[in-house]
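Here is the structure we will look at, set down as structure tokens.
Positions are given from 1, in the same order as the sequence printed here.
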Amino acid sequence: MFRLVSLNLNGIRSAATKGLIPWAEGLSADCMGVQELKAQAADIAGKFESIAGMQGHFHHAEKKGYSGVGLYSKHEPSDVLIGLGEHDPSGEFDAEGRWVELRFDKPGRKLSIISSYFPSGSSSEERQDAKFRWLVIVEPHLARLAAERDYILVGDINIAHQNQDLKNWKGNLKNSGFLPEERDWMSKLLHLENTARLVDVYRQLHPDTTDECYTWWSNRGQARAKNVGWRIDYQLATPKLALLARQTSVYKGQWFSDHAPLIVDYDLAI
């Protein structure tokens with residue numbers, strides 16, 4: 001089995017103080033995608049280049065203490081792509097550290113594992129506008145990739161897709177993360193007619209789960225204690241790879257951040 005993990009760390013140094021490293025060492029993961037590193041290369045050096053026998057590859061934000069993604073792997077990639085490059089023409093989002101892609105290509109197969117952190121629009125109208133700009137450029141990029149290779153994208157998408165994906169859906173219809181435009185974008189991404197056509201792996205295996213599916217909880221109002229959560233962390237796979245998913249779970253035995261790790265086992269040989 002190929003075990004793939006996604007986890008928003010809300011700061012890798014903070015998560016490490018809460019037991020991230022020993023937990024990862026006991027997990028036997030093949031790859032672990034992380035988001036919100038909130039760290040620069042100098043902060044990673046000598047401490048977090050590798051975790052649990054997995055070598056890390058990182059896209060750091062230019063702004064200190066902000067965003068950043070990583071992808072740890074036990075397997076040596078054939079190529080590493082940092083950022084969207086020419087597919088982010090303004091460079092707006094590459095400056096924020098939102099995309100790292102490992103390719104594991106061999107004769108007869110093209111395969112990528114991607115860790116991505118989609119913008120949050122909850123802090124201001126300006127950031128919501130930035131989130132919409134990201135969605136506009138990332139969808140055609142996902143379609144381009146799907147046309148040439150199989151891939152699994154793991155990450156904090158910052159969108160709860162359906163009513164069952166958050167506790168208080170009626171009260172969040174006008175809030176970032178559950179806006180109709182965001183949910184429509186997600187629906188189109190997962191629709192058969194979309195050229196990107198991805199599969200929400202968790203929902204493929206657990207189509208009806210509600211309270212158990214949440215991956216993020218606000219730090220306000222005892223949200224975690226009351227399980228007032230959202231499912232905003234995903235593993236999105238091209239259909240061929242999605243069919244190889246065998247089991248998935250959201251780990252809640254320890255808390256490393258305000259998110260919980262999403263774990264999926266695939267019947268896949270790298």
- When rounded to the nearest 0.5 angstrom, what distance separates CG in L7 from OG1 in T215? 9.5 Å
- Query: Backbone N or O of A39 within a donor-acceptor pair of the H60 side chain at under 3.5 Å?
  - Reply: yes
- Query: Heavy-atom distance under 4.5 Å between the side chains of W99 and I114, does that happen here?
  - Reply: yes
- About how many Å separate NE2 of H75 and CE of M54, when rounded to the nearest 0.5 Å? 10.0 Å
- Message: Under a 4.0 Å threshold between the charged nitrogen and the carboxylate oxygen, would R127 count as salt-bridged to E96?
- Response: yes
- Item | Side chains of T248 and I263 in contact at under 4.5 Å (non-hydrogen atoms) | no
- Query: Do R197 side-chain atoms and L190 backbone N/O form a donor-acceptor pair below 3.5 Å?
  - Reply: yes
- With a 4.5 Å heavy-atom cut-off, do R103 and P77 have their side chains touching? no
- Message: Between T210 and Q164, is there a side-chain donor-acceptor contact under 3.5 Å, judged purely by atom types and distance?
- Response: no
- Message: If we ignore hydrogens and angles and just use 3.5 Å, is the side chain of D156 paired with the main-chain N or O of Y117 as donor and acceptor?
- Response: no
- Query: Judged by atom type as modelled, is there a donor-acceptor pair below 3.5 Å linking the side chain of N168 to the main-chain atoms of G171?
  - Reply: yes
- Query: What distance do F256 atom CZ and W23 atom CH2 have between them, rounded to the nearest 0.5 Å?
  - Reply: 5.5 Å
- Taking all non-hydrogen atoms of both residues, which atom of A146 and which atom of Y151 are closest, and how far apart? N-CE2, 3.5 Å
- Donor-acceptor contact present, side-chain T238 to main-chain K240, <3.5 Å: no
- Same cluster (ILVMFWY, side-chain, under 4.5 Å), I157 and I137: yes
- Query: What's the spacing between N163 CG and W169 CH2 if we round to 0.5 Å?
  - Reply: 4.5 Å
- Query: So, are R3 and D30 salt-bridged, with charged N and O less than 4.0 Å apart?
  - Reply: no
- Using a 4.5 Å cut-off on heavy atoms from C-beta on, say whether the side chain of E36 contacts that of L9. no
- Item | Test item: S14 side-chain N/O and G11 main-chain N/O as donor-acceptor pair under 3.5 Å | no
- Query: Can you tell me how far CG of L166 sits from CD1 of I232, rounded to the nearest 0.5 angstrom?
  - Reply: 10.0 Å
- Cationic N near anionic O, under 4.0 Å, R133 to E139: no
- Task: State whether the side chain of Q204 and the backbone N or O of A242 hold a donor-acceptor pair below 3.5 Å, judged by distance alone.
- Result: yes
- Does a donor on one side chain and an acceptor on the other come within less than 3.5 Å for Q35 and S115? yes
- Message: Taking the basic N atoms (NZ, or NE/NH1/NH2) and the acidic carboxylate oxygens, is any pair closer than 4.0 Å for R149 and D105?
- Response: yes
- Query: Quick one: do the N10 and S257 side chains pair a donor with an acceptor below 3.5 Å?
  - Reply: no
- So CD1 of I82 and CZ of F58: to nearest 0.5 Å the spacing works out to 9.5 Å
- Would you check if there is a donor-acceptor pair between the side chains of N158 and W216 at a distance under 3.5 Å? no
- Does S90 reach the main-chain N or O of E92 with its side chain, forming a donor-acceptor pair under 3.5 Å? yes
- Can you tell if the side chain of L142 reaches within under 4.5 Å of the side chain of L153, non-hydrogen atoms only? yes
- For ring-ring contact (aromatic ring centres under 6.0 Å, His included), just list the numbers for W217 and W255, CA-CA rounded to whole Å, side-chain angles, deciding distance to a tenth of an Å, and then say yes or no. CA-CA 11 Å; W217 299 260; W255 300 104; 5.1 Å; yes
- May I ask you to decide whether E182 forms a salt bridge with K131, counting only side-chain N to carboxylate O separations under 4.0 Å? yes
- Message: With a 3.5 Å distance limit and no angle check, can you tell me whether Q235 reaches the backbone of L4 through a side-chain donor-acceptor pair?
- Response: yes
- Item | From CA spacing to verdict: side-chain contact (heavy atoms from CB on, under 4.5 Å), N8, D233 | CA-CA 8 Å; N8 179 312; D233 300 88; 4.1 Å; yes
- Message: Just so I know, are the side chains of V80 and E101 near enough to count as touching, which here means a heavy-atom distance under 4.5 Å?
- Response: no
- Short side-chain to backbone donor-acceptor contact, D88 and L84, under 3.5 Å: no
- Message: Would you say Q128 and S176 are linked by a side-chain donor-acceptor pair, where the criterion is simply a distance under 3.5 Å?
- Response: yes
- Message: I'd like to know if the side chain of D200 pairs up with that of H161 as donor and acceptor (distance under 3.5 Å, no hydrogens or angles considered).
- Response: no
- Report yes or no: do Q247 and Y266 form a side-chain donor-acceptor pair below 3.5 Å? no
- Partner of M186 by side chain to side chain contact (heavy atoms under 4.5 Å, CB included), out of L135, L236, D165: L236
- So does D150 pair up with K110, basic N to acidic O under 4.0 Å? no
- Quick one: are L173 and F178 in side-chain contact, heavy atoms under 4.5 Å? yes
- Message: Please give me the minimum heavy-atom distance between F132 and E181, naming the atom from each residue.
- Response: CE2-CB, 3.9 Å
- Could you walk me through whether R109 and E148 pass the salt bridge (Lys or Arg N to Asp or Glu O under 4.0 Å) check? CA-CA 10 Å; R109 185 194 75 181; E148 67 179 38; over 6 Å; no
- Item | Min side-chain heavy-atom separation L71-M32 under 4.5 Å | no
- Query: Looking at F93, does the NZ or CZ of R98 lie under 6.0 angstrom from its six-membered ring centre and within 45 degrees of the ring axis?
  - Reply: no
